[in-house]
Amino acid sequence: MAEILFHGAAEEVTGSMHLIQVDGRWVALDCGLFQGRRAESEEKNRQWPVPPGQIAAVVLSHAHIDHSGRLPRLVKDGFDGPVYATPATRDLCAIMLPDSAHVQEEDVYYVSKRRKKRGLPPIEALYDYDDALAAVRLIHSVPQQRWFQVVPGLLACFSEVGHMLGAAGVRLELAKRNGDTPSIFYTGDLGRFDQPILRDPSPLPEDETILCESTYGARINEQVDDAREVLREVVSRTIRRGGKVIIPAFAVGRTQTIVYYLHEQMLAGHLPRIPVYVDSPLAVNATEVFKLHPECYDAEARAFHQVTGDILGSGCCTYIRNVEESKALHGRSEPCVIISASGMCEAGRIRHHLKNNIENPRNTILIVGYQAQNTLGRRIADGARQITLFHEEYQVNAEVVQIHGFSGHADQTELLQMLAPRAEDATRLVLVHGEPDQAQVLAQKARGLGFREVVIGRRGDHLEL
Ligand SMILES: [Zn+2]
């Protein structure tokens with residue numbers, strides 16, 4: 001008997017985790033952190049669909065925290081099996097999971113302080129630094145295009161999805177049963193074509209069941225090349241008026257994309273050579289991991305690597321880890337680009353850069369990533385004229401520009417383009433990792449393409465294979 005059990009990222013986009021049961025053994029596909037409203041995600045992050053001690057192995061599609069961030073808790077709650085991931089995913093997890101532990105501990109510290117004032121007992125962090133390291137130690141790395149045994153009766157193979165460094169889709173093949181060998185392809189997060197640095201997604205394989213993400217099932221985003229051009233224009237005009245470009249960006253992925261583009265345009269003479277600063281310790285570490293894995297680059301990035309020896313800005317970009325150097329940036333007056341985290345301006349050094357620069361009309365605040373509701377980044381992107389930082393009010397006099405085209409997720413057009421060749425041969429298409437409105441639109445479009453059976457995975461649902 002074999003089945004899939006949906007747990008996380010079912011009709012939502014965080015907490016990715018689907019379980020496959022093969023002859024009584026459970027295997028988890030991803031083990032992501034639920035994010036969003038605090039009370040709700042707190043509770044979800046502490047619940048498991050089956051006892052962690054009964055999970056035999058985890059197969060990890062990529063390092064984003066909404067796909068990997070609950071591994072330390074799984075280990076803390078009794079899991080001690082292997083975690084399979086690509087080499088770049090393992091190296092990214094080695095920096096991202098300890099960083100996530102730090103965020104959890106910091107968060108709990110503030111929550112417990114508030115609870116104390118109300119006479120309530122402190123709460124315990126989801127996991128700590130040691131749990132994160134214990135999880136990293138369980139990761140076995142397997143390169144793409146190599147079959148490996150996950151548990152007896154289940155083989156797996158990673159393939160390119162072009163979403164982030166190391167990200168992979170997973171082909172799963174079950175041992176023969178009733179004369180059949182059921183197979184599944186789990187997309188993890190599907191990326192886009194023509195993204196910088198990364199290879200394009202491979203065609204979806206001919207598997208019976210496709211477990212596909214649907215984040216932008218109903219949305220069409222800007223083309224990557226258009227986004228690159230807007231970036232160049234924004235930086236050019238800010239330089240012309242003698243200002244600074246402040247870019248809040250996620251430390252892993254988005255930061256490297258922006259640095260790559262700026263470096264490329266400066267070398268080609270399309271942008272004047274001005275200083276670019278990456279001010280985030282996690283981004284600096286992530287950049288080191290990018291440099292360790294040229295096997296993940298596309299042909300263009302490899303060629304660029306051969307010419308420059310470093311695709312991520314040596315010569316034009318300064319990477320900042322320590323606080324003193326970060327503070328020293330506030331005193332600089334010449335045009336420059338400052339890329340800093342967090343990506344939604346909710347924490348981190350970016351808040352200091354905003355405080356120092358947002359009131360100057362010569363400067364630009366450039367938003368390059370998704371901004372969730374109720375975040376400072378969203379308020380700025382939505383055109384707030386005044387913001388509060390460190391309990392003080394600041395006027396938004398700087399130019400504010402938002403670029404959507406750097407998204408790492410396939411949009412509706414790209415999803416349909418990838419799915420179309422499988423419409424005739426796939427037995428069924430299961431949509432996960434999408435809000436209901438996005439998944440439903442994609443389901444309808446997929447039926448239109450000719451998929452026989454299209455289902456939306458719901459939390460707690462079982463699907464027999
Ligand atoms: Zn992702």
Side-chain angles (χ1 to χ4, degrees), residues 4-20 27-37 40-41 44-45 49 58-71 85 89 158-164 166-172 184-192 195 201 204 207 209-221 250 252-253 369-370 372 407-419 422 426 428-446 451 454-463:
I4 306 179
L5 165 61
F6 300 99
H7 176 64
E11 296 190 290
E12 59 188 337
V13 292
T14 68
S16 271
M17 189 179 199
H18 317 292
L19 289 112
I20 297 183
V27 170
L29 299 178
D30 287 338
C31 187
L33 197 71
F34 288 97
Q35 295 156 317
R37 270 188 233 107
E40 197 187 322
S41 38
K44 280 179 162 178
N45 279 327
V58 176
V59 182
L60 201 59
S61 68
H62 65 292
H64 277 149
I65 288 301
D66 63 321
H67 288 256
S68 73
R70 210 150 60 112
L71 269 177
T89 295
F158 288 121
S159 70
E160 184 62 58
V161 287
H163 169 65
M164 83 176 300
V170 193
R171 293 192 71 180
L172 296 150
I184 306 162
F185 183 71
Y186 170 51
T187 63
D189 285 350
L190 272 180
R192 313 186 69 190
Q195 285 223 90
L204 298 185
D207 285 304
T209 299
I210 301 174
L211 220 62
C212 183
E213 71 123 314
S214 53
T215 317
Y216 290 140
R219 214 183 120 148
I220 293 168
N221 284 325
F250 300 102
V252 184
Y370 174 75
S407 162
H409 285 273
D411 68 0
Q412 188 193 60
T413 313
E414 291 161 319
L415 285 167
L416 293 173
Q417 183 186 341
M418 286 186 258
L419 286 170
R422 294 283 77 84
R428 86 190 125 193
L429 172 66
V430 184
L431 299 180
V432 293
H433 202 286
E435 302 280 349
D437 57 335
Q438 302 287 324
Q440 278 156 15
V441 172
L442 189 65
Q444 202 184 0
K445 293 268 179 191
F451 278 93
V454 184
V455 226
I456 296 175
R458 293 195 168 85
R459 186 173 166 88
D461 276 4
H462 293 254
L463 191 77

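Counting from 1, the numbers follow the sequence of the chain as shown. The structure displayed is predicted, hence computed values, not measured ones.
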Inset, instruction - Spell out, as yes or no, whether a donor-acceptor pair under 3.5 Å connects the side chain of Asp30 to the backbone of Gly188. - result: no
Inset, instruction - Could you tell me which residues satisfy side chain to side chain donor-acceptor pair (under 3.5 Å) with His163, sequence neighbours excluded, listed by chain and number? - result: His62, His64, Asp189
Inset, instruction - Give, for atom CG of Leu415 and atom CD of Gln438, the distance between the pair rounded to the nearest 0.5 Å. - result: 10.0 Å
Legend entry - Qualifying residues under ring-ring contact (aromatic ring centres under 6.0 Å, His included), relative to Phe250, sequence neighbours excluded: none
Legend entry - Value rounded to 0.5 Å, distance of OG1 in Thr14 from CZ in Arg70: 9.5 Å
Legend entry - Donor-acceptor contact present, side-chain Thr187 to main-chain Gly169, <3.5 Å: no
Legend entry - salt bridge (Lys or Arg N to Asp or Glu O under 4.0 Å) involving Arg458 - partner list, sequence neighbours excluded: Glu11
Legend entry - Atom of Leu429, atom of Cys212 and distance for their closest heavy-atom approach: CD1-CB, 3.9 Å
Legend entry - Interatomic spacing from CG in Leu211 to CD1 in Ile184 - rounded to 0.5 Å: 7.5 Å
Legend entry - Atom pair OH/CD1 of Tyr186 and Ile210 - distance to nearest 0.5 Å: 14.5 Å
Inset, instruction - Under the side chain to side chain contact (heavy atoms under 4.5 Å, CB included) rule, what do Leu190 and Met418 come out as? Steps first, then yes or no, please. - result: CA-CA 9 Å; Leu190 272 180; Met418 286 186 258; 4.0 Å; yes
Legend entry - Atom pair NE2/CG of His18 and Leu463 - distance to nearest 0.5 Å: 12.0 Å
Legend entry - Neighbour count >12 (heavy atoms, 6.0 Å) for atom CD, Gln417: yes
Inset, instruction - First locate atom CZ of Phe185, then atom OG of Ser159, and finally report the distance between them rounded to the nearest 0.5 Å. - result: 3.5 Å
Inset, instruction - Show the numbers, then the answer: is there a side chain to side chain contact (heavy atoms under 4.5 Å, CB included) between Phe6 and Val430? - result: CA-CA 11 Å; Phe6 300 99; Val430 184; 3.5 Å; yes
Inset, instruction - Answer whether the closest heavy-atom distance between the side chains of Phe158 and Thr89 falls below 4.5 Å. - result: no
Inset, instruction - Provide the closest heavy-atom pair for Leu416 versus Ala446 in the form atom of the first, atom of the second, distance. - result: CD2-N, 4.4 Å
Inset, instruction - Mind listing the closest non-hydrogen atom pair of Phe34 and Asn45 along with its distance? - result: N-OD1, 2.9 Å
Legend entry - Residue pairs involving residues 210-220 (criterion salt bridge (Lys or Arg N to Asp or Glu O under 4.0 Å); sequence neighbours excluded): none
Legend entry - Counterpart residues, side chain to side chain donor-acceptor pair (under 3.5 Å), relative to Lys445 (two or more places apart): none
Legend entry - Flag side-chain contact, heavy atom, 4.5 Å: Ile20 against Leu172: yes
Legend entry - Donor-acceptor pair, side chain of Arg459 and main chain of His7, under 3.5 angstrom: yes
Legend entry - Nearest atoms (heavy-atom pairs only) where Val432 meets Ala9: CB-O, 3.5 Å
Legend entry - Glu414 (side chain) donor-acceptor with Asp411 (main chain) under 3.5 angstrom: yes
Legend entry - Student check: side-chain heavy atoms of Tyr216 and Ser407 closer than 4.5 Å: yes
Legend entry - Centroid separation His409 to His433 less than 6.0 Å: yes
Inset, instruction - Take His462 and Ile4 through the side chain to side chain contact (heavy atoms under 4.5 Å, CB included) test and state the conclusion after the steps. - result: CA-CA 6 Å; His462 293 254; Ile4 306 179; over 6 Å; no
Inset, instruction - Please name the pair of heavy atoms, one in Phe451 and one in Leu419, separated by the smallest distance, quoted to 0.1 Å. - result: CZ-O, 3.5 Å
Legend entry - Gly434 versus Ser214, closest heavy-atom pair with distance: CA-OG, 3.4 Å
Legend entry - Donor-acceptor contact present, side-chain Arg171 to main-chain Asp207, <3.5 Å: no
Legend entry - Beyond-backbone contact of Leu33 with Asp66, side-chain heavy atoms, under 4.5 angstrom: no
Inset, instruction - Just jot down the side-chain contact (heavy atoms from CB on, under 4.5 Å) partners of Ser68, sequence neighbours excluded, or say none. - result: Leu60, Ile65, Cys93, Leu97
